[in-house]
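Notes follow the structure.
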Amino acid sequence: MVIYDSVQKTKLQLVPIKTGEVSIYVCGPTVYDDAHLGHARSALAFDVLARTLKHLGYKVTMAKNFTDIDDKIIKKAEATGKSIQEITSFYTDRYLQEMGALGVGRADIEPKATQSLEAIETMIQTLIDKGFAYRVSNGDVYFDTSKDSHYGDISHRVNENEENQSRIAHTDEKKNPKDFALWKACKGDENICFETAFSSGRPGWHIECSAMIEKHFHGTNEYSIDIHGGGADLLFPHHENEAAQSRCATGHELAKYWMHNGFVQIDGEKMSKSLGNSFFLKDALQVYDGEVLRYYLNSVHYRNDFNFNEEDLLAAKKRLDKLYRLKKRVTPSHSSAPDTAFKTALLEAMSDDLNVSMALSVIDEMVTQNNEKLDLNPKDKELKKEIVATIEFINSLLGFGGKEPFEYFQIGIDEALKNKIETLLVERTEAKKAKNFILSDAIRDELTAMGISIMDTPGGTVWEKA
RNA sequence: GGAGCUAUCGCCAAGCGGUAAGGCCGCAGCCUGCAAAGCUGCUAUCCCCGGUUCAAAUCCGGGUAGCUCCUCCA
């Protein structure tokens, strides 16, 4: 397996800390709002990474955190009158449910900040004791970036004069402009305060990830985990700060490899909280099938920016349709073993830094070849079994193609409509038998107007939702 | 003001120094009562200008254009 390391900025052969095992920590959501397409893409990218590694024979342990202490959550609570707990549990459930609709598997470990306070306090105390952190008069604790000679290694930002150019106001008692809060003391009437030796307050944004990793993973003298992932925007300052904390607190590096996924844009425009043009996953799922969304969001390499638009999504759906039409041709058949050459080619593509585009083209070629074989030999039972197994393999590796084909093509069609379609098809078949093509074509037009496309096959007429 | 990324067929998108994958769209054909589906065939020299090399879309330098990070963000 080769992966692109965003710190070294090059592809590297994955050599895990422990042979045969890969530990992954991905930055999860702050649960104060609905998940958007960007969250989906990140979750999908690392879901596919985990699946690929498992297929390559690694024992994978993946952690994804839920940030459930945060200023934004507090604000939301104040604005809505709901409790912090209500908000965080609601959005956590929603997140898991929506990602589930996209076929994203659950992480092995799903730590929450509120459940990691001991580890957080311990790490901050260690940093204070070792002289890497300092407490200011109001009770805040800051990390002293000047004490870490490797600060900047992750994001390659070395400019000390940034304080003059930076848009961040420099108003507190920080020693250096880049110092960041490990702990924020309670001020006034804020209602989440946790008691610690340094002050009553709450953790800063970055510390939870470092603390959770120390708590849940047991690395070596060199590294805590193999792969740390997240969105490209987290590279700085979030991951730089995480790395610094961990390095200084534990004496070894946080992660051996760093992976970052690119952004999602909507019709060419950046999607962001501040621009207010977030495309929520819940809205997308109302219009598009989760499996189609999964296929589409995965069709562009995870490191590139992804420009979401309906036209491309439709093209992606058509591609997935083709796979399901092949599956329809071999249903029902039992499964044997997938085509070896295909399996190898698919894994090879995925082993190259998750080259999903290549994998999809391998699948398209497989579909075409098997359609041709079936055209020539419609009753080849062994071939059909192999195709069933091949599609099962695709589903386990990439997470699509697992539905029953008839179910797939009839998503959104209720029983009443289904019956009407079937009735019309019976009428049409009779008309065809009687060579009444004017009537049969009229029925087809009626179905087309209903958004139903039909196809005559040797086994009878089948229909699909267009 | 600093740091970085990208630029490949009408559209989406691989390519990672060895002579341009795949999909959508389009055209022609086979099949079909006609269609649809499926199959076959056809469709690009890689933003511009230099350079390195036997060989460059791929490396280097300079342009141009777009995007991102430095502020909550995946």
Side-chain angles (χ1 to χ4, degrees), chain A residues 2 4 9-11 26-30 32-33 35-46 70-72 75 152 155-159 161-162 164-169 178 205 229-238 240 260-265 268-275 278 296 299-301 303-307 309 311-322 325-326 328-329 349 352-353 355-365 367-376 432 435-438 440-441 444-445 448 453-457 461-464 466:
Chain A
V2 170
Y4 182 88
K9 297 189 180 191
T10 184
K11 280 190 193 177
V26 183
C27 286
T30 300
Y32 72 105
D33 203 353
H36 57 230
L37 255 22
H39 293 105
R41 175 132 116 119
S42 181
L44 241 16
F46 293 102
D70 182 88
D71 292 1
K72 297 183 290 293
K75 276 187 196 143
S155 61
H156 308 292
R157 277 165 210 270
V158 289
N159 186 357
N161 298 323
E162 247 178 57
N164 296 325
Q165 277 83 36
S166 171
R167 287 172 284 178
I168 316 167
K178 284 186 178 170
W205 177 32
D233 53 333
L234 298 180
L235 188 58
F236 188 87
H238 188 51
E240 185 73 63
H260 292 91
N261 63 276
F263 280 95
V264 175
Q265 303 185 337
E269 243 190 73
K270 180 195 165 162
M271 177 175 72
S272 79
K273 305 248 156 107
S274 50
L275 287 177
S278 296
Y296 176 48
S299 66
V300 176
H301 188 91
R303 272 189 282 126
N304 292 151
D305 277 347
F306 187 102
N307 185 20
N309 71 72
E311 191 187 338
D312 295 342
L313 183 135
L314 214 63
K317 180 188 178 300
K318 286 183 179 178
R319 250 177 130 171
L320 183 57
D321 286 352
K322 287 174 78 161
R325 288 207 188 93
L326 174 65
K328 193 154 72 176
R329 292 183 78 173
D352 183 12
D353 194 35
N355 192 338
V356 183
S357 296
M358 180 66 80
L360 295 184
S361 84
V362 169
I363 291 171
D364 283 330
E365 279 170 356
V367 170
T368 298
Q369 281 170 21
N370 279 319
N371 270 321
E372 193 179 0
K373 286 184 193 169
L374 286 170
D375 283 348
L376 295 170
K432 275 180 65 182
K435 303 245 190 268
N436 185 351
F437 296 123
I438 292 169
S440 68
D441 288 355
R444 182 168 61 203
D445 290 344
T448 304
S453 49
I454 61 172
M455 34 215 85
D456 293 326
T457 74
T461 304
V462 295
W463 61 275
E464 292 177 2

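Naming convention: chains lettered A, B, ... in sequence-line order (proteins, then strands); numbering from 1 in each chain. As the structure is a computational prediction, the values presented were derived from the model and not from experiment.
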How about A/Asp456 and A/Thr461: does a side-chain donor come under 3.5 Å of a side-chain acceptor?
yes
Any Lys/Arg nitrogen of A/Asp71 or A/Lys75 sitting under 4.0 Å from an Asp/Glu carboxylate oxygen of the other?
no
Does B/C59 pair with anything, Watson-Crick or G-U wobble, both distances under 3.5 Å, and if so, with which nucleotide?
B/G51
Would you tell me if any nitrogen or oxygen in the side chain of A/Lys318 comes within less than 4.0 Å of OP1 or OP2 on B/C25?
yes
Would you indicate whether the side-chain heavy atoms of A/Val367 and A/Ile363 approach each other to under 4.5 Å?
yes
With a 4.0 Å cut-off, would you call A/Asp364 and A/Lys322 a salt bridge?
no
Please give, in whole Å, the distance from B/C73 P to A/Arg41 CZ?
19 Å
Give me the distance, rounded to whole Å, that separates B/U52 from B/C60 when you measure between the C1' atoms they each carry.
7 Å
Stepwise salt bridge (Lys or Arg N to Asp or Glu O under 4.0 Å) check, A/Lys318 with A/Asp321:
CA-CA 5 Å; A/Lys318 286 183 179 178; A/Asp321 286 352; over 6 Å; no
Does the side chain of A/Leu360 reach to within under 4.5 Å of the side chain of A/Ser299, using non-hydrogen atoms?
yes
Close N or O pairs between protein and nucleotides 57-61 of chain B (under 3.5 Å):
none

Taking a pair to mean Watson-Crick or G-U wobble geometry with both distances below 3.5 Å, B/C31 pairs with none
Establish, for the pair A/Lys11 and A/Tyr4, whether the NZ or CZ atom is under 6.0 angstrom from the six-membered ring centre and no further than 45 degrees off its axis.
no
If the P atom of B/C46 is compared with that of B/A7, how far apart are they to the nearest Å?
14 Å
Watson-Crick or G-U wobble mate for B/G1, both contacts under 3.5 Å:
B/C70
Measure CG/A/Leu313 against P/B/G23 and give the value in whole Å, please.
18 Å
Reading nucleotides 8-17 of chain B from 5' to 3' and marking B where a protein heavy atom lies under 4.0 Å of the base, S where only the sugar-phosphate is that close, and - otherwise, the string is ---SSSSSB-
Between A/Asp312 and A/Asn307 the two heavy atoms that sit nearest each other are OD2-O, 4.2 Å
Which is true for A/Val26 with a 4.0 Å heavy-atom rule: it touches a base, it touches only sugar-phosphate, or it touches nothing?
nothing
Among side-chain atoms of A/Asn371 and A/Arg329, is any donor-acceptor pair under 3.5 angstrom?
yes
Applying a 4.0 Å non-hydrogen cut-off, can you work out what A/Lys9 is touching in the nucleic acid: base, sugar-phosphate, or nothing?
sugar-phosphate
Any non-hydrogen side-chain atom of A/Val462 less than 4.5 Å from a side-chain atom of A/Ile454?
no
May I ask you to test the A/Met358-A/His301 pair for a side-chain heavy-atom distance under 4.5 Å?
no
Between A/Lys178 and A/Glu240, is the closest basic N to carboxylate O distance under 4.0 Å?
no
Pick the nucleotide of RNA chain B nearest each of A/Pro237 and A/Trp205; which residue has the one closer to the 5' end?
A/Pro237
What interatomic distance, in whole Å, is found between P of B/U40 and the corresponding atom of B/G18?
29 Å
Pick the P atom in B/C59 and in B/G26, then give their distance to the nearest Å.
36 Å
Paired with B/U43 by Watson-Crick or G-U wobble geometry, both distances under 3.5 Å: which nucleotide is it?
none
Can you check the distance between B/G61 and B/G66, where both ends of the measurement are the P atom (answer in whole Å)?
22 Å
Which value, in whole Å, describes the distance between the P atoms of nucleotides B/G50 and B/A57?
15 Å
Same-atom distance (P) from B/C47 to B/G10, integer angstrom
13 Å
Using a 4.0 Å heavy-atom cut-off to protein, can you give one letter per nucleotide of nucleotides 31-42 of chain B, 5' to 3': B if the base is in contact, S if only the sugar-phosphate is, - if neither?
--BBBBSSSS--
Report the base-pairing partner of B/U6 (Watson-Crick or G-U wobble, both distances below 3.5 angstrom), or none.
B/A65
Which part of the nucleic acid, if any, lies within contact of A/Gly38, taking any heavy atom under 4.0 Å across all strands shown: a base, the sugar-phosphate backbone alone, or nothing?
base
Mind calculating the distance between CD (A/Gln265) and C1' (B/C5) to the nearest angstrom?
12 Å
Suppose you measure atom C1' in B/C5 against the same atom in B/C9; what distance do you get, rounded to whole Å?
24 Å
Between A/Tyr296 and A/Phe306, how do the two ring planes meet: parallel, tilted or perpendicular, split at 30° and 60°?
perpendicular
